[in-house]
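Values in this document were obtained by computation on a predicted structure and should not be read as measured data. In what follows, every heavy atom counts, from backbone to side chain, and hydrogens, waters and symmetry copies are set aside.
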2 protein chains.
Amino acid sequence: MKTPAISESEWKVMQLLWKKAPQPAYDIIEQLSKTEAWHPNTIKTLLSRLQKKKAVGATRYKNLFLYEPLVAQNDCVRAETNTFLERVFGGSIKPLLVHFVENENLSDAEIDELKRILQKKGKR
Amino acid sequence: MKTPAISESEWKVMQLLWKKAPQPAYDIIEQLSKTEAWHPNTIKTLLSRLQKKKAVGATRYKNLFLYEPLVAQNDCVRAETNTFLERVFGGSIKPLLVHFVENENLSDAEIDELKRILQKKGKR
DNA sequence: GCACAATAACTACCCATGTAGTTAATTTTA
DNA sequence: TAAAATTAACTACATGGGTAGTTATTGTGC
């Protein structure tokens, strides 16, 4: 699926909507104000912009709007990942995985889990 | 190491400089014009901006400049990776790796290689 | 030494994004 | 029902980035 470009700040909004939807603006504002020092209007702006680019939809409910994502998280993740992969690792996955496994600290548990996943994957 | 923010297009320039440095502007222009439909001035602008933010240095050589990276590729990769990780996977590595292994197509060879890497890693 | 070609430097312009103020509409409440 | 509170809508403004035009400078071939 084609996904619109979602900016840094907008991602934070989307994450909340993917976790739970539909939600009114003030819920989003409340949640975000825990982690971000954003003015409520800022968040409204983000919502409008997301709405404009068809990433979220809004339906009127009494005097307020309920927002919900119109794009799937998975699609956005994939899109974002591709861009990232392209620009930083020239598009190929292996160097990325190698980088991660080698340079970012993984706990033993994570390593084990990964091994398991790979095991399953390799079997087919 | 602290690295400056490097934009999409700027990355393409950096990649070339990391591959070989120092290089004069026209070499970069020539190489990039193979893959990008950019006006030479555009590339000069990118170089200036990179220079301004101290990502590349330039030393005069006769009537031209030789450019070279001032930031290590590894540091930039790490920085970019962290941003990406943060925004898309909420900062934790495992979901990312899982996503990759599950959703992006890995060849058998890649899977094997990964297993090997993990094996080594797990040993310590 | 001068015209020309190459290079550098400066300027420009539009769009996206981060951020928020101002105004209008609507609901609730005294 | 008029004022206060809430919410929505619109407007604003600075910065960064993509993209390139214009002008100045400098080395080079004649």
*For the pair made of CG in A:Leu46 and C1' in C:dA20, what is the distance, rounded to whole Å?*
11 Å

_C:dT17, OP1 or OP2 - any side-chain N/O from A:Ser9 closer than 4.0 Å?_
no

*Classify the nucleic acid contact of B:Lys53 as base, sugar-phosphate or nothing, counting any heavy atom under 4.0 Å across all strands shown.*
sugar-phosphate

*asked:* Looking at B:Asn41 and D:dT22, is any side-chain donor or acceptor paired with a base atom of the opposite kind under 3.5 Å?
replied: yes

*Any idea which of C:dT17, C:dA20, D:dG21 is nearest the B:His39 side chain?*
D:dG21

*Remember a base hit wins even if backbone is also touched, and classify B:Thr42 as base, sugar-phosphate or nothing at under 4.0 Å, heavy atoms.*
base

*Toward the 5' end of DNA chain C, which comes first, B:Tyr26 or A:Glu10, by nearest nucleotide?*
B:Tyr26

*Over 60° means perpendicular and under 30° means parallel, so classify the ring planes of B:Phe89 and B:Phe84, tilted if in between.*
perpendicular

*Rounded off to whole Å, could you give me the CD1-to-P distance for the B:Ile43 and C:dA9 pair?*
17 Å

*A:Lys12 to A:Trp38 - nearest heavy-atom pair and separation*: CD-CH2, 4.1 Å

*In whole angstroms, how far is the C1' atom of D:dG18 from the CG atom of B:Leu47?*
14 Å

*Quickly work out the A:Leu32 CG to C:dT19 C1' distance and round it to whole Å.*
14 Å

*asked:* Check the phosphate of C:dA16 against A:Ser7, side-chain N and O only, distance under 4.0 Å to OP1 or OP2. Yes or no?
replied: no

*Using whole Å, report how far CD of A:Glu36 lies from C1' of C:dA20.*
16 Å

*Check whether any side-chain nitrogen or oxygen of A:Trp38 sits under 4.0 Å from OP1 or OP2 of C:dT19, and answer yes or no.*
yes

_Please give me the minimum heavy-atom distance between B:Met14 and B:Pro69, naming the atom from each residue._
CE-CB, 4.1 Å

_Rounded to whole Å, please give me the gap between CD1 in A:Ile6 and C1' in C:dA16._
14 Å

*Toward the 5' end of DNA chain C, which comes first, A:Glu8 or B:Phe65, by nearest nucleotide?*
B:Phe65

*Round to the nearest Å and state the distance from B:Lys44 atom NZ to D:dT25 atom P.*
15 Å

*Let me see the working for B:Arg49 and B:Glu10 under salt bridge (charged side-chain N to carboxylate O under 4.0 Å, His left out), right down to the final yes or no.*
CA-CA 9 Å; B:Arg49 286 180 182 164; B:Glu10 288 165 356; 5.4 Å; no

_Check this for me: does the side-chain of A:Arg60 come within 3.5 Å of the base of C:dT26 through a donor and an acceptor?_
no

*asked:* How long is the straight-line distance from CG of A:Leu118 back to CZ of A:Arg116, given to the nearest 0.5 Å?
replied: 11.0 Å

*Would you indicate which nucleotide in D:dG17, D:dG18, C:dA8 comes nearest to any side-chain atom of B:Leu64?*
C:dA8

*Indicate, yes or no, whether a donor-acceptor pair under 3.5 Å links the base of D:dA8 to the side chain of A:Ser48.*
no

*Starting at OH of B:Tyr61 and ending at C1' of C:dA8, how long is that distance when rounded to a whole Å?*
18 Å

